[in-house]
Amino acid sequence: MSCRTMNLKRLLVAVALFFGLGGRLCAAQEITIAAAADLQFAMQEVGARFQQDSGKSVKLIYGSSGNFAQQLRNGAPFDMFFSANLDYPRQLEGAGLTEPGTLYQYAIGKIVVWVPNASKLDVSSGLKALLDPSIKKIAIANPEHAPYGKAAVAAMQKENIYEQVKDKFVLGENISQTASFVASGSADVGVVALSLALSPNMKDKGRYAEVPAGDYPAIEQACVIMRSSKNKDVAEQFLKFVQSLPIRDLLQRYGFAIPRQ
């Protein structure tokens, strides 16, 4: 084998090693987050700001908190979990699946009764509006695993209307799907997250009335870093970013209450 051929082979190996290492470094600059569906629009902004500030990216997967919790118990490869129910991260913490000391309560969610602009329904009476006989379908998130669905049912029970309206329910897999049901006309009215009612996709397309916070258990939302994360440094950096005042202000703009720390 000539010296020229050997040098060419060495060069090709060096290039391959360089690009292989570069790929691993790039991958290490991204974290994957399982996020509750009520965060769909707020977290897009948070992720974009984080990438702009740090140069590191966030891959966001949205769904119901209960389903994500089950997936994480089964080893789903997420770096962080943003839950709409404080209990799920606590359960994962109790099972030893989270990074110690990273549980953080980032927000308290709120529910509203929402109808499209074309609806003639008067929602000023809040949940009582659901008793209107013209209503055929009411969209709520599935209370079996979606915190906002549990809150909707609790509020209806508190106002003594649950038994009268439960047969009209159209169940969304998560609160984002629930909002899409009513926004698209697949349901006449929906009980949705205030954060979605204030989102760019919905804020000009309908009107809403807030359900009194005392009608349902507080929707305490928390996040945590998973012990199995391969990118803990980036995850810890993102957690600190979420705890910053500008991001707390952003979440308030989307209708979340911010708990005292």
Side-chain angles (χ1 to χ4, degrees), residues 34-40 42 61-74 76 81-92 105-115 121 123 125-132 135-184 186-197 199 202 206 208-223 255-257:
D38 67 318
L39 293 169
Q40 184 170 356
I61 311 294
Y62 301 103
S64 86
S65 299
N67 285 345
F68 276 140
Q70 184 59 48
Q71 291 171 26
L72 287 161
R73 280 191 285 269
N74 292 332
F81 176 33
F82 277 73
S83 173
N85 185 326
L86 177 61
D87 289 342
Y88 292 129
R90 277 181 174 165
Q91 289 166 9
L92 294 171
Q105 188 179 342
Y106 61 87
I108 299 171
K110 301 175 186 178
I111 56 174
V112 301
V113 179
W114 192 94
V115 292
L121 185 67
V123 296
S125 60
L127 287 173
K128 297 291 186 186
L130 302 182
L131 296 172
D132 190 300
I135 295 174
K136 300 295 186 289
K137 294 179 180 179
I138 300 168
I140 72 166
N142 191 330
E144 291 297 316
H145 53 72
Y148 280 87
K150 293 178 182 177
V153 168
M156 291 179 203
Q157 290 172 334
K158 179 74 178 290
E159 296 202 15
N160 296 314
I161 67 166
Y162 177 74
E163 293 297 330
Q164 294 158 269
V165 301
K166 65 179 182 179
D167 292 335
K168 297 182 179 182
F169 288 167
V170 178
L171 300 181
E173 186 66 14
N174 54 62
I175 197 61
S176 180
Q177 186 181 64
T178 304
S180 71
F181 283 164
V182 62
S184 67
S186 297
D188 303 301
V189 59
V191 182
V192 305
L194 176 58
S195 62
L196 297 181
S199 72
M202 292 183 71
Y208 66 87
E210 280 196 47
V211 177
D215 280 3
Y216 54 94
I219 306 173
E220 297 175 306
Q221 309 200 182
C223 63
F256 291 104

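Being a predicted model, the structure only gives us computed values, none of them experimental. Nothing fancy with the numbering, it's 1 onward along the sequence. Reckoned from all heavy atoms, side chains included, excluding hydrogens, waters and symmetry mates.
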* Asked: For Ala155, does its backbone N or O pair with a side-chain atom of Glu159 as donor and acceptor, under 3.5 Å?
  -> no
* What pairs with Ser186 under side-chain hydrogen bond (donor to acceptor under 3.5 Å, both in side chains), at least two apart in sequence or on another chain? -> Ser184
* **Closest non-hydrogen atom pair between Ala183 and Trp114, with its separation** => CA-CZ3, 3.9 Å
* **Heavy-atom check, side chain of Ile138 versus side chain of Asp188, under 4.5 Å** => no
* Structure fact -> Note: Asp38 and Ala84 closest approach over all heavy atoms is OD1-CB, 4.0 Å
* Asked: Excluding sequence neighbours, so at least two apart, what forms side-chain hydrogen bond (donor to acceptor under 3.5 Å, both in side chains) with Lys110?
  -> none
Hey, can you pull the donor-acceptor pairs under 3.5 Å for the side chains in residues 164-172, sequence neighbours left out?
unit_1	atom_1	unit_2	atom_2	d
Lys166	NZ	Glu163	OE1	2.9
Lys168	NZ	Ile135	O	2.8

* **Short side-chain donor-acceptor distance under 3.5 Å, Tyr106 and Gln221** => yes
* Gly109 to Phe256 - nearest heavy-atom pair and separation -> CA-CD2, 4.0 Å
* Are any non-hydrogen side-chain atoms of Asn85 and Ile219 less than 4.5 angstrom apart? -> no
* Without hydrogens or angle criteria, can the side chains of Tyr62 and Asn174 be said to hold a donor-acceptor pair below 3.5 Å? -> no
* Asked: Any side-chain heavy atom of Ile111 sitting closer than 4.5 Å to one from Val192?
  -> no
* Please examine the side chains of Leu72 and Phe81, heavy atoms only from C-beta on, and report whether any two atoms are closer than 4.5 Å. => yes
* Structure fact -> In terms of heavy-atom contacts, Ala37 and Leu196 come closest through O-CD2, 4.0 Å
* Structure fact -> Here the gap from Gln157 atom CD to Asp215 atom CG, rounded to the nearest 0.5 Å, amounts to 11.5 Å
Name each donor-acceptor pair under 3.5 Å that joins a side chain in residues 140-147 to protein atoms two or more places apart or in another chain, with its distance.
unit_1	atom_1	unit_2	atom_2	d
Asn142	OD1	Glu144	N	2.9
His145	ND1	Ser64	OG	3.0

* To do: Decide yes or no for Val211 and Val113: does some side-chain heavy atom of the first lie under 4.5 Å from some side-chain heavy atom of the second?
  => yes
* Residues in side-chain hydrogen bond (donor to acceptor under 3.5 Å, both in side chains) contact with Tyr216, at least two apart in sequence or another chain -> none
* To do: Sequence neighbours left out, what passes side chain to side chain contact (heavy atoms under 4.5 Å, CB included) with Pro217? Give chain and number order.
  => Ala154
* To do: Using the test side chain to side chain contact (heavy atoms under 4.5 Å, CB included), find all partners of Glu220 that sit at least two apart in sequence or belong to another chain.
  => Leu86, Gln105, Ala218
* **Partners meeting side-chain hydrogen bond (donor to acceptor under 3.5 Å, both in side chains) with Gln40 (sequence neighbours left out)** => Ser176
* Structure fact -> All heavy atoms of Leu130 vs all of Val189, minimum pair found to be CD2-CG1, 3.6 Å
* Would you find a donor on one side and an acceptor on the other, under 3.5 Å apart, between the side chain of Ser83 and the backbone of Ser65? -> no
* Atom CG in Leu39, atom SG in Cys223: separation rounded to 0.5 Å? -> 9.5 Å
* **With Gln71 via side chain to side chain contact (heavy atoms under 4.5 Å, CB included) - residues at least two apart** => Asn67, Phe68, Ala76, Phe78
* To do: Look only at the side chain of Lys137 and the backbone of Gly190, and say whether a donor-acceptor pair between them is shorter than 3.5 Å.
  => no
